[in-house]
Peer 1: 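First the structure, then my questions, so here it is.
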Amino acid sequence: MTWKQNNWVKYLEGYCQGKNQIQDEYVRKVAESLGLDEPLNIQFEWQKQITQQFESEDAHGVIILTGTAGDGKTKLCRDIVKQIDGDSFDEDKWNAKSYFCSSERTIVKDFSELQNEKSLVIQELLDVLVNGASNKPILIAVNDGILVEEIDNFILASQNEESEKKATQLKEIIEDKINLGFSNCEQQELIKLINLSKLNAKENFSLILDEIINHSGWEGCNSCEGQSNKSCPIYNKYSLLKTNGNIQENLSNIILLLQLNNEHFTIRELLNLATNTILASTPKAKHLKATKKDTNYPIFNCNRVRRVNSFEEFEYESTIEVGYWGMNLGPHKMNNARPYSEINKLMFGELSTNHWDNYLKKKLERKVEIPLDDFNDLLNSKKATDLDIDADLWGAIVRRSRIQLYCYQNGDDKAFSLQKFASFSYFKSLVFDELQENDNCHNIDLISLIVLALNRIFHGRYISENTGKDRLYIPEKDQGSITPISIFHGDELRDRDIYITKVKGDFELTGSRIEPVIVFDIDRNISLKLSLTVELFDFLYRVSKGSPPNTTNPRLYKKLLIFRSKLASQISNTSKLSGKRIETYTIKDGEFRTSTLKVNHG
Amino acid sequence: MDSLHTYSSELMKKYGIKHIPIIENMWGHRFRTDQTPSIIFFELLCVIESQLQAKRAGLISSIFSSENKTLYFKHRQFFKLRILIYQNEILETLIHSELSDEDRWERQFEYLRGINGELFQFKDEDIEHLKNSFSSFESFYNAIKILSSLTFDPLSNKRWTSKFIYPISSDYIWCDFDNRKSTEDRRFFCRGGELAYLMLCRAGNEVCEELEKYFELWLDKQDNSFAKLANLLVREEERIQLREESRKDLGYLPYKKLPIFTDFANDLSKVLSLELERLDKVKVMIDMVGYHIGNYVLSIGETYHKSSNPAELKKPSYLVEVLSKATNSIRKSSIQSISAQRNKLKRSLTLRADEIIHLYEDVIDSEEETEIQKKSKEELSYAESYLASHISNYSNVCFRHIGFLSKKNTRSYRYVLTEDFLHSLVVTILGNEKRMEFSNFVKQLITQYSIYVDTSPENERELIQRDLNRNSKNLASLLYQMGMLRHLSDACSYVINPYREDSV
């Protein structure tokens, strides 16, 4: 048997390289030159839906595709136009220009590439606002911020007051939608914005991984020596992912956690992540190596594998977590290059619980086996007595074993204790899963937890569970957003006036990510919102369990004091109690209460 | 060509100044380093409140007018309230005693009646007012404790008549006072607040009107609990109009109109117009006072160090370091710039001193030329000493107080952006806007405040671009830590106004 050169693996290697190599046009050329019939062509459901939206007969409207570089805007534009034009689609013509304008439609495939046409495009958008409708479909693909900047330039150069006013309105609509996902401005319904950064990166990652794993290109490995004697680290990882759906799910859930923390991953980044997971060689940093095995390259390909002398240690040195956490790329990229930097910020493996460490040590009692089980004895030794244990090695084994345990476990709801936001399981089940099925979430225990935590944060006092769960005490206005301890009581908001919902964008797309927000209904017409990220939820969870707010997360603490100020201002405008009594906050018999100052108002 | 400044030969007589007022003719009468931005702000509010009374009495047509140079009303004093908060030594003893409420009240009233001094002693009406306001001694105690928690700089050893409460209500505006001599003095209210007031008066009609509108609202009767407490504790103070011969001259500001006065007024007007809590507005306004006064002092140096009669004002530039551990080219340049700015102050004094001394020839009049020269030198020497003690350092005092200057991690001061000051800058730059693109925010820092983060001010050649880029990243990081930045992508971030953004 010989070692084969699989062009499919070479094609995947391209996704591990720099950004330019993952441009749609470049990728197509590479696939063609490698003789691949079918390059990676993932069918995202949201792409189909957007295409349908654009090509439907009554589609007269503006669709702006925004997002960051690598989100797939240009590819989507191409796919939409190809779908509509069918056989008459001209690839060369498409590649030659960025701006296509006719009486029937306007397509801008990359706004930043336009020169003088930018002002024409902006004028078309303004005409839509002026006329109150669009007479043709308009599709514009543009990176975050670029369109707003150009509108700003347009406003500065404008000498027409009416035009300036409309441009300002347009800018506000677009900025609101980019930042918040919605806008309350007039005529916002005329400008539909699809922010590809707001798509569900978890689902995208799952689709990408599925497409890679199930691709016919792997047939090129048949009859290869590395495949038949199971020595090829690339093929072994591919096999593992193919046969263990739980590993794929566990890796995807990390992306879910991050996106619920407002982190977004572009298609480009996810392609890089997925291919690096499979092709990664061995950890680069000494403190992450389980063996002395070293390779001079971060990723494998068929040629490099073929030239390896000994495959012995790859089974636990070139494992799934090495690529997913970017350990093969070295500490600098692990901590500074996306998406690895975001994944590593979660501190998987650096945090643990007794439950998990005991589970790890008791190898024989476990249902889950991990590659580093060969080093299990090391975990059971005591560092104090075994003086010849290498500290780096011990650290590497512990950290990577915990990560592997996370990757290999199947549906264990304690799995997320192995990272920074330990309450994520709770958040996922009570908030995320609920909002997938319903628009709102009114779970009373969840709301009580939030109310208790906010009371402790707002008032700088350890409020007991008895008195702080069913109503939010909002201080009287004017006490300052930076004073930790509020003095005067303003009004209360009952728990029934607080609930969790999700941001609704212009389109309900399959694959849109869920963005939970907490809504505080001040009265029928006024409500305030607070984005419920995983980080915020974890902070509230910890405070509700007794953590001091000001040191647990100073950043969020300050943010919430400012939010308190907003609530106080709104409450003072609507409160029926204002002007009647002077009420202060006190702690009596351990209970937090409001207390009326006994005075004679006369 | 109009001159930027106006010299006065009357200052010695008008203000009882013993030496030839060289510094006063250049920077105004006067600034002293004891008067921090907060105290300037308190004095400013006192003056504005007095002028509001004057307007209501028909003595002036508007609060902020370039014609206003006189105080017509005595400053608010509110001694009774201050005594209750700062001189009521018996209060703690009474609240912790086993006495009945009735006995506690009796002892309290006895104490208040027995205080020395006509101005401070509680009269029957004052006691009656307290009796009618509070049904329990505990409420009375709690009310005082609440107010004293608002004391500015509570750990200072200042005399009780120089202690102030954050003026979140017009009831808490009162003047500095010498309790021993029973007279207002200039220990802390050194006239810096009066100069700030005069600057606002000379800002331009449009912004003055706006400012007047907002300050009138601010000084109007409030209905919040803080105002109620003050009303419960003391009776309303009678505002005393000064007899014509007793009316006081405000300080002297040698410039009729400067663009920085308009900038100052615009900033205060903007802050007052925002939907912020009062205590937050006070904090931001104090920061703006600190910045603009410090900037004014340095602007005079910047404008006059090469010419004694320049055509237009020049503003200094501030290269700021977003606090980092390691030293870099920005830190070094910033430290050097402070030294350069001080030298400009000295040079501007040297250039202009003679002209001012000439105005006061009669003071150093002598038959002997050598005697004249000797006296001139003495006056110059005195002015240099005053410059060194109270002017050269004054902008440092102002900037340090607001978090714009720091020695942290170094041995010398340099300009920095701390969280506190940055918070105020976000408020004043964004105003009522919900958000602003980060690069535009950085540009506005330059346009509005001459604060440079990621670019080099004109004359700086030694800055390394890498350090400037890192400085910009650090600024983004700091704003993110403060909850005031939203990352959309690598190339796009927005500075958000958490007080206005729909979903924080």
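Throughout, a chain's letter reflects where its sequence line sits, starting with A, and its residues are numbered from 1. Just the heavy atoms: all of them, side chains too, but no hydrogens, waters or symmetry mates, feed the values below.
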Peer 1: Between Q479(A), K477(A), K598(A), E149(A), which has the largest tally of heavy atom pairs under 4.5 Å with chain B?
Peer 2: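 Of the options given, most contacts go to K598(A).
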Peer 1: What distance do L488(B) atom CG and N195(A) atom CG have between them, rounded to the nearest 0.5 Å?
Peer 2: 7.5 Å
Peer 1: What residue, out of A143(B), S139(B), S136(B), has the most heavy-atom pairs lying under 4.5 Å from chain A?
Peer 2: S139(B)
Peer 1: Roughly how far, to the nearest 0.5 Å, is the OG atom of S149(B) from the CD1 atom of I487(A)?
Peer 2: 3.5 Å
Peer 1: What is the distance from atom CD of E501(B) to atom NZ of K529(A), rounded to the nearest 0.5 Å?
Peer 2: 11.0 Å
Peer 1: If the condition is ring-ring contact (aromatic ring centres under 6.0 Å, His included), which residues does F152(B) pass it with, not counting sequence neighbours?
Peer 2: F42(B), Y166(B)
Peer 1: Any donor and acceptor pair, going by atom type alone, linking the side chain of E476(A) with main-chain N or O of S225(B) inside 3.5 Å?
Peer 2: yes
Peer 1: Quick check on N262(A) against chain B: is it the side chain, the backbone, both or neither that has a heavy atom closer than 4.5 Å?
Peer 2: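 The answer is neither part of N262(A).
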Peer 1: Can we say K434(B) and E175(A) salt-bridge, meaning some charged N sits less than 4.0 Å from an Asp/Glu carboxylate O?
Peer 2: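 Result for this pair is no, no salt bridge flagged.
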Peer 1: For G480(A), is there any backbone N or O sitting under 3.5 Å from a side-chain donor or acceptor partner on D280(B)?
Peer 2: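 Flag not set: sc D280(B) to bb G480(A) has no pair under 3.5 Å.
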Peer 1: Are R435(B) and D176(A) ion-paired here, with the side-chain N under 4.0 Å from a carboxylate O?
Peer 2: yes
Peer 1: Within this structure, what is the CG-OG distance for the pair L279(B) and S481(A), rounded to the nearest 0.5 Å?
Peer 2: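 The CG atom of L279(B) sits 8.5 Å away from the OG atom of S481(A).
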Peer 1: Report the distance from atom CE of M482(B) to atom NZ of K559(A), rounding to the nearest 0.5 Å.
Peer 2: 12.5 Å
Peer 1: Taking all non-hydrogen atoms of both residues into account, name the closest pair between N142(B) and L597(A) and its distance.
Peer 2: CB-CD1, 3.8 Å
Peer 1: Roughly how far, to the nearest 0.5 Å, is the CD1 atom of I178(A) from the SG atom of C492(B)?
Peer 2: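 C492(B) SG to I178(A) CD1: 6.5 Å, rounded to 0.5 Å.
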Peer 1: Counting heavy-atom pairs closer than 4.5 Å to chain A, which one of N224(B), N440(B), I168(B) comes out on top?
Peer 2: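 The candidate making the most pairs under 4.5 Å is N224(B).
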